[in-house]
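Structure first, commentary second.
Just so it is clear, the structure is predicted and the values come from calculations on it, not from any experiment. Chain A is the first sequence line, chain B the second, and so forth, proteins listed ahead of strands; every chain is numbered from 1.
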2 protein chains.
Amino acid sequence: MLHHSILETLPRELQKEALERIQVMRFPAGKILFRAGEHCQGLPLMLSGAVKVQMTGVSGNSIVLYRMGADDICTLSIGCLMTGCGYRAEAFVEEESEAAMVPRGLFDRLMDQSAAFRLGIMESYGRRLDDLMLLVEEVAFRRMDERLEEWLEARRSPIHITHQELAVELGTAREVVSRLLKELERKDRVQLSRGRIDVKGL
Amino acid sequence: MLHHSILETLPRELQKEALERIQVMRFPAGKILFRAGEHCQGLPLMLSGAVKVQMTGVSGNSIVLYRMGADDICTLSIGCLMTGCGYRAEAFVEEESEAAMVPRGLFDRLMDQSAAFRLGIMESYGRRLDDLMLLVEEVAFRRMDERLEEWLEARRSPIHITHQELAVELGTAREVVSRLLKELERKDRVQLSRGRIDVKGL
DNA sequence: CCACCAGTGTGACTTTATCACTGAACTGCT
DNA sequence: AGCAGTTCAGTGATAAAGTCACACTGGTGG
């Protein structure tokens with residue numbers, strides 16, 4: 001089902017046109033939506049699922065920048081679309097996802113014709129910028145043990161993830177995650193097993 | 001003199017209207033352009049000068065996120081303008097600056113009427129997002145001594161800055177900067193004095 | 001049943017962050 | 001000039017985080 005709030009805001013006629021020109025795509029879990037350096041073909045409006053956007057530095061280390069879920073807009077694609085530059089990050093499909101692909105021409109037309117569409121795009125940009133600013137602060141100044149605990153608290157147990165993946169989430173090294181987790185296990189706050197973490201929220 | 005490339009792109013009539021509604025403001029060095037939490041009144045188009053945008057985390061530590069110079073657009077303000085949220089960062093005027101303030105109404109009108117204006121705004125957003133992504137990677141993975149050296153190389157000696165300010169530039173602690181600089185001095189790569197660093201580019 | 005391998009644990013060491021304090025350099029005052 | 005107050009810089013001690021090297025372990029698939 002094609003449902004995205006930014007499309008709801010369009011006047012009847014424009015909406016009809018949009019629906020005709022939009023192509024809904026389905027991405028299985030595990031797929032790479034785009035890689036660093038690739039050029040983008042259209043603006044994806046997320047309809048369902050979950051996608052993580054991460055980048056890999058010159059050092060070879062990676063960090064998750066943010067996630068996209070239902071009703072999100074792939075802000076990164078806008079920049080690529082407008083400037084013709086390639087992506088700097090890569091997007092990895094975590095759960096099977098659907099996205100409505102808005103081709104360049106339609107995007108221009110919607111930006112031209114609908115103030116509400118523009119507002120939606122700008123809000124999305126603003127939010128992403130905010131997210132990244134918070135991430136910078138987090139990475140620069142916050143303690144890793146705190147960040148790890150918060151990350152764990154924010155999901156529901158059991159969490160299926162490897163220490164390596166968790167390290168990428170937090171932008172640190174695998175060994176650091178292993179040690180901090182082990183410490184938490186000693187404090188009886190989690191139960192560790194291969195590829196799985198059970199958080200004991202007592 | 002009011003000259004900003006995004007205004008050049010406007011068709012004659014719209015440009016005339018813009019020039020009428022825009023107010024040029026002058027900010028002396030040392031002034032705070034905006035603080036965290038404040039709401040913004042219009043979109044500043046930088047005409048001249050230099051402004052650094054930095055944020056202070058919950059920990060009390062600060063980090064410089066990016067700088068704005070002539071012909072830049074204050075991307076952060078767009079988000080505040082559109083969503084009505086306050087700024088998350090603060091902007092500090094480093095060199096006396098002039099900015100053309102585009103009021104909300106005019107901004108909406110320009111977005112509505114000019115594709116070129118929209119493109120300019122989007123490009124600016126895209127660049128900022130890119131900058132922040134690079135910063136995240138830098139802060140998360142790169143070594144401080146390398147980053148410090150690069151920072152020093154990128155300006156011309158002598159550099160007038162305190163260790164504390166330099167720490168904020170790099171998002172680290174003052175002591176770390178002091179020690180690394182001292183180390184560089186021992187290697188005869190710099191000459192230190194109070195509030196000043198002479199880089200010996202041999 | 002065993003080889004293989006991704007995932008995990010850990011010691012040793014380096015780099016960075018934090019805390020606490022000292023001293024040095026500038027400023028403005030008398 | 002002499003002094004007090006303030007900002008800036010240096011440094012030891014210690015903790016946190018990152019890096020490197022390598023051992024172990026639980027699954028998977030011959």
Side-chain angles (χ1 to χ4, degrees), chain A residues 30 56-64 135-152 158-199, chain B residues 30 56-64 135-152 158-199:
Chain A
T56 302
V58 278
S59 56
N61 299 34
S62 301
I63 183 170
V64 172
L135 182 61
V136 167
E137 199 251 312
E138 178 125 341
V139 169
F141 301 125
R142 299 207 37 224
R143 294 179 44 122
M144 199 50 80
D145 50 0
E146 275 176 30
R147 292 178 56 208
L148 174 60
E149 287 204 54
E150 265 175 37
W151 195 95
L152 293 174
I159 305 169
H160 291 275
I161 193 171
T162 66
H163 296 183
Q164 177 57 55
E165 285 162 347
L166 192 35
V168 171
E169 292 288 332
L170 299 172
T172 183
R174 199 261 315 158
E175 298 91 316
V176 174
V177 170
S178 284
R179 275 192 254 264
L180 290 175
L181 281 174
K182 209 65 195 165
E183 185 60 28
L184 285 178
E185 193 177 39
R186 270 191 283 276
K187 288 187 200 158
D188 205 35
R189 309 254 295 99
V190 300
Q191 167 81 44
L192 300 178
S193 46
R194 191 188 175 88
R196 167 175 173 160
I197 304 170
D198 291 87
V199 181
Chain B
T56 301
V58 278
S59 56
N61 299 33
S62 301
I63 183 171
V64 172
L135 182 60
V136 168
E137 201 251 314
E138 178 125 343
V139 168
F141 301 125
R142 299 205 40 222
R143 293 181 48 119
M144 198 50 81
D145 50 0
E146 275 177 31
R147 292 178 56 208
L148 174 61
E149 287 205 53
E150 265 174 37
W151 196 95
L152 293 174
I159 305 169
H160 291 275
I161 193 171
T162 67
H163 296 185
Q164 177 57 54
E165 284 163 348
L166 192 35
V168 171
E169 291 287 332
L170 299 172
T172 182
R174 201 259 317 155
E175 298 91 318
V176 173
V177 171
S178 284
R179 276 192 252 263
L180 291 175
L181 282 174
K182 209 65 196 166
E183 183 60 28
L184 284 178
E185 193 177 40
R186 271 191 284 275
K187 289 186 200 160
D188 204 36
R189 308 256 295 100
V190 301
Q191 168 81 45
L192 300 179
S193 45
R194 190 187 173 88
R196 166 174 174 161
I197 304 170
D198 291 87
V199 181

Applying side-chain contact (heavy atoms from CB on, under 4.5 Å), name anything that partners B/Arg194, two or more places apart in sequence or on another chain. none
Could you check A/Arg189 against A/Leu152 for side chain to side chain contact (heavy atoms under 4.5 Å, CB included), going step by step and ending with a plain yes or no? CA-CA 11 Å; A/Arg189 309 254 295 99; A/Leu152 293 174; over 6 Å; no
Rounded to the nearest Å, what distance is computed from the CG atom of residue A/Leu166 to the P atom of nucleotide D/dG18? 13 Å
Interface polar pairs with nucleotides 24-27 of chain D, N/O, under 3.5 angstrom:
unit_1: D/dG26; atom_1: N2; unit_2: A/Arg194; atom_2: NH2; d: 3.4

Spacing between A/Phe141 atom CZ and D/dA16 atom C1', to the nearest angstrom: 16 Å
Using the side-chain contact (heavy atoms from CB on, under 4.5 Å) criterion, which residues pair with A/Ser178? Sequence neighbours excluded. A/His163, A/Arg174
Atom-to-atom span, CG of A/Asn61 to C1' of D/dA17 - whole angstrom: 13 Å
For the residue pair B/Thr56 and B/Ser62, what are the closest heavy atoms and their distance? OG1-OG, 2.8 Å
Test: salt bridge (charged side-chain N to carboxylate O under 4.0 Å, His left out). Region: residues 176-185 of chain B. Which pairs qualify, not counting sequence neighbours? B/Lys182-B/Glu185, B/Glu183-B/Arg186
How many whole angstroms separate atom CD of B/Gln191 from atom C1' of D/dA9? 14 Å
At their closest point, which heavy atom of A/Ile63 faces which heavy atom of B/Ala140, and how far apart are they? CD1-CB, 4.3 Å
To the nearest angstrom, the NE2-P distance between B/His163 and C/dC26 comes to 13 Å
Whole angstroms only, please: what is the CD-P distance between A/Gln164 and C/dG7? 8 Å
Rounded to the nearest 0.5 Å, what's the gap from CD1 on B/Ile197 to NE2 on B/His160? Could you check? 10.5 Å
Could you tell me the separation between the CD1 atom of B/Ile159 and the C1' atom of D/dC8, rounded to a whole number of Å? 17 Å
Once base and sugar-phosphate atoms are separated, protein heavy atoms under 4.0 Å mark nucleotides 10-16 of chain C, 5' to 3', with B, S and - as BBB--SS
Between atom CD of B/Glu150 and atom CG of B/Asp145, what is the distance when rounded to the nearest 0.5 Å? 10.5 Å
With sequence neighbours left out, the residues meeting side-chain contact (heavy atoms from CB on, under 4.5 Å) with A/Thr172 are A/Met144, A/Ala167, A/Leu170, A/Val176, A/Val177
Using atom CD of A/Glu185 as one end and atom P of C/dG7 as the other, report the distance to the nearest whole Å. 18 Å
